[in-house]
Amino acid sequence: MTIRAVVWGENIHERTNEVVAGIYPEGMHATIAKALNSDMAISASTATLEQPEHGLPASRLAETDVLVWWGHKDHGAVADEIVERVARRVFEGMGLIILHSGHFSKIFKRLMGTPCTLKWREAGERERLWVTSPSHPIAAGIGEYFELENEEMYGEQFAVPEPLETVFISWFQGGEVFRSGLTYRRGAGNVFYFRPGHETYPTYHDATVQKVLRNAVKWAHNPQGANAAVLDAPNVPVEKALEPIVERGGKLHAAGEAGFR
């Protein structure tokens, strides 16, 4: 079954900055989608901030297996309603891949529950990404490490929860290190944070970065489909208990009544 991916891009820098426009004339989202579509197992389309509902109406998200997210300049412009809509789909089982400065996106902070802060420096440094989990599907075919000649530095402390697994750790020319590939599970959804991708450098044209993204989409995909019940909190009546019981004591809720949220 083809994995249905949507690449969401803020699409501001590409339209307002000459350097970024020169590297990504069709937008970063288009470059990433093209890289994903080079794999017959993936069908990728795009969505951007300026579109109605940011290109993510409920009907489209319902048919999305994996959402790839890049944002930077205007995280605050993303409507809270859309953030909650995306979070709900992740809880139900949609995969989510957060790229680079998306660490400060509303959706990533919503799912992590932490500030997601870090150190940074924009100096075009060499980045060496070491594969720390070579058996992980996201690292398949990558080798011991790979390098990007020019990238923005991100440095620890990265204020995120302890991940399920760290797939990549970066070393930068200035000496800093950073956990650059982190996996999480939120509800039934797989979440992957991947650090590289500063817009003034051609990172998403790099063949190895593109391979990581294709691997990540395949890993994040949940072939079992949506598990809407993960969001339920049913009030189980006494008569449906697995073993016979007698109701005792006072209670706050009538039979079948929803609980407090």
Would you say the side chain of [Y] lies within less than 4.5 Å of the side chain of [X], judging by non-hydrogen atoms?
X	Y	answer
L36	D39	no
L148	T203	yes
H29	T48	yes
R186	M112	yes
L56	L67	yes
L129	Y145	no
H221	M1	yes
H100	H72	no

Within this structure, what is the [atom1]-[atom2] distance for the pair [X] and [Y], rounded to the nearest 0.5 Å?
X	Y	atom1	atom2	value
E162	T114	CD	OG1	11.5 Å
I32	N37	CD1	CG	12.0 Å
N222	D65	CG	CG	8.5 Å
L164	L182	CG	CG	10.0 Å
I3	I42	CD1	CD1	5.5 Å
L96	S105	CG	OG	7.5 Å

Determine whether [X] and [Y] fall in the same hydrophobic cluster, where Ile, Leu, Val, Met, Phe, Trp and Tyr are linked whenever their side-chain heavy atoms lie under 4.5 Å apart.
X	Y	result
I142	V217	yes
L118	I169	no
V68	L61	no
Y184	W70	no
M94	W8	yes

Is the count of non-hydrogen atoms from other residues, nucleotides or ligands lying under 6.0 Å from [X] atom [atom1] greater than 12?
X	atom1	answer
M40	CE	no
E257	CD	yes
F91	CZ	yes
E239	CD	yes
K73	NZ	no

Using a distance-only test with no angle check, is there a side-chain donor-acceptor pair under 3.5 angstrom linking [X] and [Y]?
X	Y	answer
E50	N11	yes
S133	E165	yes
R126	N150	no
R4	S45	no

So which heavy atom on [X] is nearest to which on [Y], and how close?
X	Y	answer
R214	S38	NH1-OG, 3.1 Å
G259	H253	CA-CE1, 3.8 Å
M28	E14	N-OE2, 3.0 Å
G55	A47	O-CB, 3.6 Å
F192	A216	CD2-CB, 3.7 Å

Side-chain donor/acceptor of [X] to backbone N/O of [Y], under 3.5 Å:
X	Y	value
H54	L49	yes
E176	W171	no
R89	T64	yes
Y201	G124	yes
S101	G71	yes
N17	H13	no
E125	G174	yes
T132	V167	yes
H136	I138	yes
N215	A140	yes

Practice item. Decide if the gap between the ring center of Y154 and the ring center of H103 is smaller than 6.0 angstrom. Key: yes

So, [X] and [Y], do they make that salt bridge, N to O below 4.0 Å?
X	Y	answer
E84	R88	no
E151	R195	yes
R85	E53	yes
E156	R179	yes

Review point. Where do V6 and T46 land on the side-chain contact (heavy atoms from CB on, under 4.5 Å) test, with the steps shown first?
Key: CA-CA 5 Å; V6 172; T46 64; over 6 Å; no

Revision key, fill the gap. Apart from F260 itself, its cluster of hydrophobic side chains linked below 4.5 Å comprises L252

Check your understanding: Yes or no on side-chain contact (heavy atoms from CB on, under 4.5 Å) for R185 and N190, after CA distance, side-chain angles and deciding distance?
Key -> CA-CA 5 Å; R185 174 69 64 81; N190 294 317; 2.8 Å; yes

Exercise for review: Quick one: do F108 and V160 satisfy side-chain contact (heavy atoms from CB on, under 4.5 Å)? Show the steps, please.
Suggested key: CA-CA 10 Å; F108 192 58; V160 291; 4.0 Å; yes

Review point. How are the rings of Y193 and F158 set to each other: parallel, tilted or perpendicular (split at 30° and 60°)?
Key: tilted

Point to revise | Parallel, tilted or perpendicular: rings of F168 and F194 (30°, 60°) | key: tilted

Practice item. Please step through side-chain contact (heavy atoms from CB on, under 4.5 Å) for the pair V83 and V78, ending with a clear verdict. Key: CA-CA 7 Å; V83 173; V78 178; 3.8 Å; yes

